[in-house]
A.B. asks: 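Take this structure, written in structure tokens, and hold onto it; I'll ask about it next.
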Amino acid sequence: MPQDSDSEDDVPLGARVAARAKQTETDAVMKNDDSEDEDFVGDSEDEEPLNKRKAIAKKPPVKMAPAAKSPKPNPVNENNNKKLFWETLSHSGVLFPPPYEPHGVKLIYDGRPVDLTPAEEEVAGFFAVMKDTDYAGKAVFVKNFWTDFQRILTPKSKAIVKDFKKCDWTPMYNYFFEQREKKKQMTKEEKLQIKAQKEVEEEPFTHAMIDGKKEKVGNFRVEPPGLFRGRGEHPKMGKLKERIKPKDVIINIGRDSPVPACPIPGEKWGEVRHDRTVTWLAGWKDTINTKDWKYVQFAATSSIKGESDQKKYEKARKLKDFIERIRKDYRAKMKDADNKIAQMATATYLIDKLALRAGGEKDEDLADTVGCCTLRVGHVTLIPPHTIHFDFLGKDSIRYDQSHEVDPVAYKSFGRFMEGKKDEMDIFDKINPTEVNSHLQELMPGLTIKVFRTYNASITLSRLLKETPEGTVAQKKSHYDSANKEVAILCNHQKGESKAHAGQMQKLTEKKDQMEAELKELQKEKPMSAKTENKIRGLKERLSKHMLSMSMKEELKTVSLGTSKINYLDPRITVAWCKRNEVPLATVYPKTLVEKFNWAMEVEPEFDF
DNA sequence: ACGCTCACTTAGTATTCCTTTG
DNA sequence: CAAAGGAATACTAAGTGAGCGT
């Protein structure tokens with residue numbers, strides 16, 4: 001980017017737009033000027049009154065983007081009417097991973113050790129550590145790795161390392177394994193020392209100042225290089241994710257804040273901009289999905305994220321006032337003779353009833369996953385009289401495999417949409433998320449598809465918590481968890497079964513058998529003493545508790561409760577419930593969630609979602 | 001109407017931390 | 001004290017949707 005930056009076309013779209021619209025309000029982007037010999041590339045100027053910019057006084061005028069030269073702003077259209085997130089913003093930039101340190105352990109090719117350059121050795125190492133994982137067994141992963149490995153090999157190495165099958169990664173793998181063991185074997189003091197060192201190193205990056213307030217930063221570490229691990233059958237798995245250099249990084253910072261010095265000697269930031277219409281502090285282009293960007297954002301516990309989270313839940317809560325009308329609308333339209341209207345209504349019905357995601361079109365070079373609007377005929381089975389079985393891969397290639405009894409009208413419409421279509425064809429071929437969203441906006445301002453997931457998750461929790469029984473804190477907590485579980489199932493939030501699960505269940509079963517045997521033994525006694533009766537009562541109680549926790553554990557083995565807690569359940573429901581039921585908040589929220597939801601802590605106990 | 005980019009939220013998994021147990 | 005086990009956090013991939021240009 002830097003060397004091309006004289007051409008406006010190389011500035012990201014949003015930046016150009018902002019620069020054009022901008023003028024004084026939106027301190028958008030600018031260009032670099034590589035002729036400058038500064039310690040970063042392209043701290044940009046704009047037409048803001050010069051007295052505001054002391055820094056520029058010491059250097060010759062910087063070349064400006066053509067758009068930025070245009071005369072005074074049209075005040076009506078300042079910053080393109082975009083919302084400004086901050087007035088001042090200062091931070092220390094990003095923390096880069098340490099440079100690669102060669103270990104000298106050889107790749108064995110065709111029985112002979114190969115001398116690799118450090119850069120080659122690094123990439124070989126990426127594969128070597130993974131040699132026994134599922135990934136390394138996948139043809140696509142190996143093929144992509146091999147292509148990129150070949151690409152970075154010097155001619156000399158390429159002349160030797162020609163066939164993947166002749167590579168022996170074992171010595172490298174063993175080296176990494178030993179390193180890991182050594183790390184584990186370190187003494188407590190050594191570990192503590194390393195941790196302290198790490199904290200010192202990251203200290204400048206952990207917080208930023210925004211409008212005079214110190215706030216926590218999220219992912220201030222630049223992602224290290226490695227092999228891309230896509231989820232599911234990702235066509236790009238195994239590709240080399242390249243090392244990000246300062247020139248790849250854009251810093252976004254307040255105009256009057258010092259630009260963080262580039263931490264790598266002799267190198268420069270790709271760009272420095274002052275865009276108040278966004279919340280990110282730094283960003284770089286993803287080297288795998290080249291249309292994507294990675295951003296350094298504030299942490300979830302920051303005010304800026306908290307405010308947006310609160311808005312999200314307020315919007316979902318607002319849907320309560322509109323939901324009846326909306327349901328009436330789609331029920332009436334599901335059987336419309338106009339297929340587009342009927343599809344729109346039926347899709348909305350699914351989004352509401354099953355909390356499906358929108359399902360936007362995806363590029364070919366991504367895993368084949370779907371949401372509501374991209375469901376294909378092969379993903380559903382109609383089971384008379386009006387049950388539909390869904391079997392498809394959703395976000396993160398997580399399988400949605402559920403049967404649902406549906407509205408008979410919806411069932412009939414489904415049949416109509418699928419009629420005469422092959423398995424690979426779209427069920428909802430007349431619509432897309434954008435159209436569904438604009439229809440929703442007509443029914444409620446600001447309403448989009450994803451709001452239904454938040455709404456249904458939160459209102460489900462709220463409804464289930466109303467049935468909380470009297471009892472101990474542990475019992476109430478368990479009731480909360482079951483409600484949480486219902487929501488997780490609704491949203492299809494899953495996790496991989498832990499490796500230890502089966503063994504743990506077996507142990508618990510053994511314990512159960514033992515308790516049952518003990519109980520039988522006690523009950524054999526003829527003249528029941530008061531002491532024995534007590535024992536029996538106690539044992540029975542422990543046994544039933546034990547069995548309950550066993551069945552809960554089994555039911556939850558692949559259900560993830562955390563995702564809905566973090567993203568879907570209005571924290572005010574939980575906080576108010578804790579207050580009403582005298583359950584300490586820490587029983588259901590870990591420390592970071594209490595922090596993240598600090599805006600909800602003062603909610604009144606009677607709060608109803 | 002459509003495609004595309006950008007910025008943000010949502011997501012599962014890997015790693016680390018902390019507590020319990022042996 | 002080490003190992004095990006579970007909880008919490010770190011990491012980064014994968015969605016959604018606004019908004020722009022064509």
Side-chain angles (χ1 to χ4, degrees), chain A residues 12-18 20-21 80-83 85 133 180 183-185 187-188 191 195 198 218-224 226 228-232 234 236-237 241 250 252 275 277-280 283 285-286 288-301 304-305 308-309 311-312 357-363 366-367 369-374 393-398 432-438 440-441 446-451 453-454 457 488 491-496 498-501 503-504 507 553 558 560-564 566-568 589-593 596:
Chain A
L13 178 64
R16 259 183 281 143
V17 168
R20 217 168 266 137
N80 233 1
N81 296 322
K82 278 191 199 160
K83 183 186 171 194
F85 284 101
T133 64
R180 191 144 33 118
K183 209 176 149 195
K184 272 195 231 166
Q185 296 310 319
T187 66
K188 212 171 194 173
K191 284 180 184 168
K195 199 184 160 195
K198 192 179 159 209
N219 55 324
F220 51 81
R221 283 174 189 280
V222 172
E223 293 174 14
F228 176 69
R229 300 155 90 113
R231 313 258 168 89
H234 199 300
K236 291 187 174 177
M237 65 169 78
K241 193 168 108 166
I250 300 178
N252 191 37
D275 187 349
T277 70
V278 296
T279 63
W280 51 266
K285 203 144 209 192
D286 184 12
I288 298 293
N289 293 301
T290 51
K291 291 175 189 165
D292 288 353
W293 287 78
K294 301 288 194 166
Y295 298 97
V296 174
Q297 297 266 6
F298 278 100
T301 52
I304 203 165
K305 295 287 183 196
S308 124
D309 217 27
K311 275 187 192 152
K312 174 184 80 183
R357 296 189 185 83
E361 279 295 329
K362 293 179 76 187
D363 286 353
L366 300 169
T369 63
V370 301
C372 184
C373 293
T374 39
L393 297 182
K395 181 178 178 180
D396 293 301
S397 295
I398 295 296
N432 60 48
T434 307
E435 290 178 296
V436 176
N437 282 336
S438 30
L440 292 176
Q441 310 260 11
L447 183 61
T448 61
I449 293 167
K450 78 197 273 282
V451 179
R453 267 169 85 79
T454 314
C491 295
N492 202 37
H493 291 145
Q494 301 189 25
K495 64 179 184 196
S498 94
K499 253 191 291 171
H501 180 81
Q504 287 164 353
K507 267 190 191 167
K553 189 182 173 77
T558 59
S560 171
L561 301 186
T563 305
S564 49
I566 294 166
N567 299 301
Y568 286 101
Y589 278 169
K591 198 174 98 249
T592 47
L593 279 195
K596 166 172 168 158

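Letters go in sequence order (proteins before strands), and every chain restarts at 1.
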A.B. asks: Got a list of protein N/O to nucleotides 12-16 of chain B N/O distances below 3.5 Å?
C.D. replies:
| from | atom 1 | to | atom 2 | distance (Å) |
| --- | --- | --- | --- | --- |
| B:dG12 | OP1 | A:Gln494 | N | 3.0 |
| B:dG12 | OP1 | A:Gln494 | O | 3.4 |
| B:dG12 | OP2 | A:Thr563 | OG1 | 2.8 |
| B:dG12 | O5' | A:Gln494 | O | 3.4 |
| B:dG12 | N2 | A:Arg231 | NH2 | 3.4 |
| B:dG12 | N3 | A:Arg231 | NH2 | 3.4 |
| B:dT13 | OP2 | A:Gly496 | N | 3.0 |

A.B. asks: Measuring to OP1 and OP2 of C:dG17, would you say a side-chain N or O of A:Asn437 lies under 4.0 angstrom away?
C.D. replies: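 Answer yes for this pair, as a side-chain N or O of A:Asn437 is under 4.0 Å from OP1 or OP2.
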A.B. asks: Can you find a heavy atom in the side chain of A:Ile449 that is under 4.5 Å from one in the side chain of A:Arg357?
C.D. replies: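 Result no, sub-4.5 Å side-chain heavy-atom pair not found.
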A.B. asks: Between A:Gln441 and A:Lys591, which residue's closest nucleotide on DNA chain C lies nearer the 5′ terminus?
C.D. replies: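 Counting from the 5' end, the first nearest nucleotide belongs to A:Lys591.
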A.B. asks: Using a heavy-atom cut-off of 4.0 Å across all strands, would you classify A:Ile288 as base, sugar-phosphate, or nothing?
C.D. replies: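 It contacts nothing in the nucleic acid.
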A.B. asks: A:Lys241 and A:Pro224: which non-hydrogen atoms are nearest, and at how many Å?
C.D. replies: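 Here A:Lys241 and A:Pro224 meet closest at CE-O, 3.6 Å.
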A.B. asks: Any non-hydrogen side-chain atom of A:Asn219 less than 4.5 Å from a side-chain atom of A:Lys294?
C.D. replies: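 Answer no - side chains too far apart.
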A.B. asks: Looking at B:dA7, I'd like to know if its phosphate oxygens (OP1 or OP2) sit under 4.0 Å from a side-chain N or O belonging to A:Trp280.
C.D. replies: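 For A:Trp280, the contact criterion (side-chain N or O under 4.0 Å from OP1 or OP2 of B:dA7) is met.
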A.B. asks: Going by heavy atoms in the side chains, are A:Thr563 and A:Cys491 under 4.5 Å from each other?
C.D. replies: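 A side-chain contact is absent here, since even the closest heavy-atom pair is not under 4.5 Å.
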A.B. asks: A:Val222 or A:Lys450: which one's nearest nucleotide on DNA chain C is closer to the 5' end?
C.D. replies: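 Going by which nucleotide is closer to the 5' end, it is A:Val222.
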A.B. asks: How do A:Tyr568 and A:Lys195 order along DNA chain B: which one's closest nucleotide is nearer the 5' end?
C.D. replies: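 Counting from the 5' end, the first nearest nucleotide belongs to A:Tyr568.
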A.B. asks: Calculate the interatomic distance between A:Asp286 atom CG and C:dC11 atom P; express it in whole Å.
C.D. replies: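 Rounding to the nearest Å, CG of A:Asp286 and P of C:dC11 are 17 Å apart.
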A.B. asks: Could you tell me, to 10°, how much the axis swings from one end of the helix from B:dA1-C:dT22 to B:dG22-C:dC1 to the other, five pairs per end?
C.D. replies: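 Helix axis angle between the two ends: 0°.
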A.B. asks: May I ask you to check whether over 12 heavy atoms, not counting those of A:Lys311, lie within 6.0 Å of atom NZ?
C.D. replies: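 Not buried by this count: 12 neighbours or fewer within 6.0 Å.
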A.B. asks: Could you tell me whether A:Lys241 contacts a base, only the sugar-phosphate backbone, or nothing, with contacts defined as non-hydrogen atoms closer than 4.0 Å?
C.D. replies: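 A:Lys241: backbone/sugar contact only, no base atoms under 4.0 Å.
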A.B. asks: To the nearest 0.5 Å, tell me how far A:Glu223 CD sits from A:Asp286 CG.
C.D. replies: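 Atom-to-atom, A:Glu223:CD and A:Asp286:CG are 7.0 Å apart.
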A.B. asks: Would you indicate whether the side-chain heavy atoms of A:Arg231 and A:Thr369 approach each other to under 4.5 Å?
C.D. replies: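 Side chain of A:Thr369 against side chain of A:Arg231, heavy atoms only: no contact under 4.5 Å found.
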A.B. asks: Out of curiosity, A:Asn567 CG to A:His493 NE2, how far, rounded to the nearest 0.5 Å?
C.D. replies: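 One gets 7.0 Å once the value is rounded to the nearest 0.5 Å.
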A.B. asks: How are the rings of A:His234 and A:Phe228 set relative to one another: parallel (under 30°), tilted (30 to 60°) or perpendicular (over 60°)?
C.D. replies: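 Perpendicular, since the angle between the ring planes exceeds 60°.
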A.B. asks: Side-chain N or O of A:Lys294 less than 4.0 angstrom from OP1 or OP2 on C:dA13?
C.D. replies: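 Answer is yes, contact under 4.0 Å.
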A.B. asks: Over all strands shown, is A:Gly359 touching base, sugar-phosphate only, or nothing at heavy-atom distances under 4.0 angstrom?
C.D. replies: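 Sugar-phosphate, backbone atoms only, no base.
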A.B. asks: Checking all strands, does A:Thr434 fall into the base, sugar-phosphate, or nothing category for heavy-atom contacts under 4.0 angstrom?
C.D. replies: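 If one applies the 4.0 Å heavy-atom cut-off, A:Thr434 turns out to touch nothing in the nucleic acid.
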A.B. asks: Can you find a heavy atom in the side chain of A:Tyr295 that is under 4.5 Å from one in the side chain of A:Val278?
C.D. replies: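 Counting from C-beta outward, A:Tyr295 and A:Val278 never come under 4.5 Å.
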A.B. asks: Do you know the tightest heavy-atom contact between A:Asn252 and A:Trp280?
C.D. replies: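 Looking at all heavy atoms of both residues, the closest pair is ND2-O, 3.1 Å.
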A.B. asks: Identify whether any heavy atom of A:Phe220 sits under 4.0 Å from a base atom; if not, whether one sits that close to sugar-phosphate; answer base, sugar-phosphate or nothing.
C.D. replies: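 The answer is nothing, as A:Phe220 stays clear of every strand by at least 4.0 Å.
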A.B. asks: Just the table, please: protein N/O against nucleotides 4-7 of chain C N/O, every pair under 3.5 Å.
C.D. replies:
| from | atom 1 | to | atom 2 | distance (Å) |
| --- | --- | --- | --- | --- |
| C:dG6 | OP2 | A:Gln504 | NE2 | 2.4 |

A.B. asks: Does the side chain of A:Lys305 reach to within under 4.5 Å of the side chain of A:Gln297, using non-hydrogen atoms?
C.D. replies: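 A side-chain contact under 4.5 Å exists here.
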A.B. asks: How many Å lie between CG on A:Asn432 and P on B:dA1, as a whole number?
C.D. replies: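 Whole-Å distance recorded here is 10 Å.
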